Amino acid sequence: IDWTPIKEFKEILFTQHGGIAKISINRPEVHNAFTPLTVQEMIEAMHICRDRTDIGVVVFTGEGGKAFCSGGDQSVRGHGGYVGEDAVPRLNVLDLQKLIRSLPKPVIAMVAGWAIGGGHVLHVVCDLTIAADNARFGQTGPKVGSFDGGFGASYLARVVGQKKAREIWFLCDQYDAQEALDMGLVNTVVPLDKLEETTVAWCNKILQRSPLALRMLKSSLNAELDGQAGIQELAGNATLLYYLSEEAKEGRNAFIEKRQPDFDKYPKFP
Ligand code: 2NE
């Protein structure tokens with residue numbers, strides 16, 4: 001599969017194949033642990049994916065075939081967060097999680113090898129997860145002095161149930177791809193050498209579907225769980241659809257033309 005570079009970064013690869021964008025952490029020597037810079041670059045890539053109308057689906061992954069992501073890079077964990085070149089401690093991966101959640105396009109985690117700690121949370125937050133048969137999943141927080149009580153706990157519990165989510169966090173065990181499939185943590189498991197091919201096939205199928213319907217479905221599924229932020233997303237999409245209507249355009253046109261709007265001709269649907 002040919003991936004064309006979209007933009008050069010230091011710690012990620014950002015490429016495109018047709019309407020599919022791929023954001024790949026490129027730190028295989030540390031199992032794709034993320035630094036504040038890695039996350040900042042992924043955030044920038046996500047903004048580009050949001051703005052580009054030719055991108056319909058985003059794939060999140062890690063380079064090397066041995067790890068999707070092993071969470072925050074513990075070697076740069078400082079006093080109050082992960083520390084980058086500016087010496088400021090950050091937990092900017094939480095901003096990235098929110099962007100994955102609110103991107104009005106499907107985001108697919110393509111997981112080979114380890115999805116651990118904050119890396120596990122990233123795949124959980126993605127809309128779908130396609131796992132290779134070498135994938136291993138788990139949380140480590142209580143082992144390494146950390147935790148993610150946001151999407152990493154509450155949304156995980158929505159995905160696998162409260163009992164299993166508590167087991168995952170309290171025991172810090174690791175689960176293989178089949179166990180992950182059995183608990184509903186991933187959508188499918190494929191041989192490692194078929195991982196990218198399968199992911200691209202799923203993406204291409206999604207790209208044949210109505211983008212507005214996908215957008216509405218993602219925000220509808222989010223809305224139930226995300227409180228006012230979820231309602232804002234869903235309502236924003238309702239505004240988008242309304243702006244496409246003649247009825248809404250009549251309101252704008254009347255204002256521009258300095259006349260009273262005439263809404264009489266628009267049906268009051270049952
Ligand atoms: C992933 C795991 C289980 C793999 O074990 P193994 O034995 O296959 O590999 P190894 O030898 O541990 O790792 C290979 C190299 O990658 C580094 C290791 O230190 C090692 O480096 P060298 O010894 O070869 O120099 N490496 C792996 N993960 C790293 C990491 N996260 N940071 C820095 N270097 C890392 C095993 O590697 C493992 O358990 N890794 C740590 C997983 C972890 O605890 N992640 C952080 C969780 S907290 C978090 O992510 C977080 C949060 O909870 C809340 C907010 C934000 C972030």
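These values consider heavy atoms only, across backbone and side chains, with no hydrogens, waters or symmetry-generated copies. Both counts, for ligands and for their atoms, begin at 1 and track the order of listing. Quantities reported herein were computed from a predicted structural model and do not represent experimental measurements. Index from 1, following the sequence.
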Checklist entry - Protein heavy atoms: any of them under 4.0 Å from atom 40 (N) of ligand 1? => result no

Checklist entry - Partners of W202 by ring-ring contact (aromatic ring centres under 6.0 Å, His included), sequence neighbours excluded? => result none

Next on the checklist: Can you confirm whether some protein heavy atom lies under 4.0 Å from atom 7 (O) of ligand 1, or whether none does?
Outcome noted: no

Checklist entry - Any protein heavy atom under 4.0 Å from atom 23 (O) of ligand 1? => result no

Checklist entry - Which atoms from ligand 1 have a heavy atom of H31 less than 4.0 Å away? => result 4 (C), 6 (P), 8 (O), 9 (O), 13 (O), 14 (C), 37 (O)

Checklist entry - Pick one: which of D54, D2, T4 meets side-chain hydrogen bond (donor to acceptor under 3.5 Å, both in side chains) with Q16? => result D54

Checklist entry - Hey, is V144 touching ligand 1 through its side chain, its backbone, both or neither, going by heavy atoms under 4.0 Å? => result side chain

Item to check | Protein heavy atom at shortest distance from atom 43 (C) of ligand 1 | outcome: T140 OG1, 3.2 Å

Next on the checklist: For Y155, does the six-membered ring have the charged nitrogen or CZ of R101 within the cation-pi criterion, i.e. under 6.0 angstrom from the centroid and within 45° of the normal?
Outcome noted: yes

Item to check | Protein non-hydrogen atom found under 4.0 Å from atom 32 (N) of ligand 1 | outcome: yes

Item to check | L91 neighbourhood, listing ligand 1 atoms whose heavy-atom distance to it stays under 4.0 Å | outcome: 55 (C), 56 (C)

Item to check | Heavy-atom pair of closest approach, residues I130 and L195 | outcome: O-CD1, 3.6 Å

Quiz: residues 56-72 side-chain donor-acceptor pairs under 3.5 angstrom, not counting sequence neighbours:
residue	atom	partner	partner atom	Å
T61	OG1	M110	O	2.8
E63	OE2	S24	OG	2.5
S70	OG	V30	O	3.0
S70	OG	H31	O	3.2
S70	OG	A33	N	3.4

Checklist entry - Just to confirm, does any protein heavy atom lie below 4.0 Å from atom 13 (O) of ligand 1? => result yes

Checklist entry - Are R27 and T38 side-chain neighbours, meaning at least one heavy-atom pair lies under 4.5 Å? => result yes

Checklist outcome for this item: Of all protein heavy atoms, the one nearest atom 17 (C) of ligand 1 is V30 CA, 3.8 Å

Checklist entry - Any heavy atom of E29 sitting closer than 4.0 Å to ligand 1? => result yes

Checklist entry - Is S70 touching ligand 1 with its side chain, its backbone, both, or neither, if touching means heavy atoms under 4.0 Å apart? => result both

Checklist entry - Can you find a protein heavy atom under 4.0 Å from atom 26 (N) of ligand 1? => result yes

Checklist outcome for this item: With heavy atoms and a 4.0 Å threshold, my read on which part of Q174 contacts ligand 1 is side chain

Next on the checklist: One residue to check: Y82. Relative to ligand 1, which of side chain, backbone, both or neither has a non-hydrogen atom less than 4.0 Å away?
Outcome noted: side chain

Checklist entry - Is the shortest distance from atom 55 (C) of ligand 1 to a protein heavy atom below 4.0 Å? => result yes

Checklist entry - More than 12 foreign heavy atoms under 6.0 Å from OH of Y266: is that the case here? => result yes

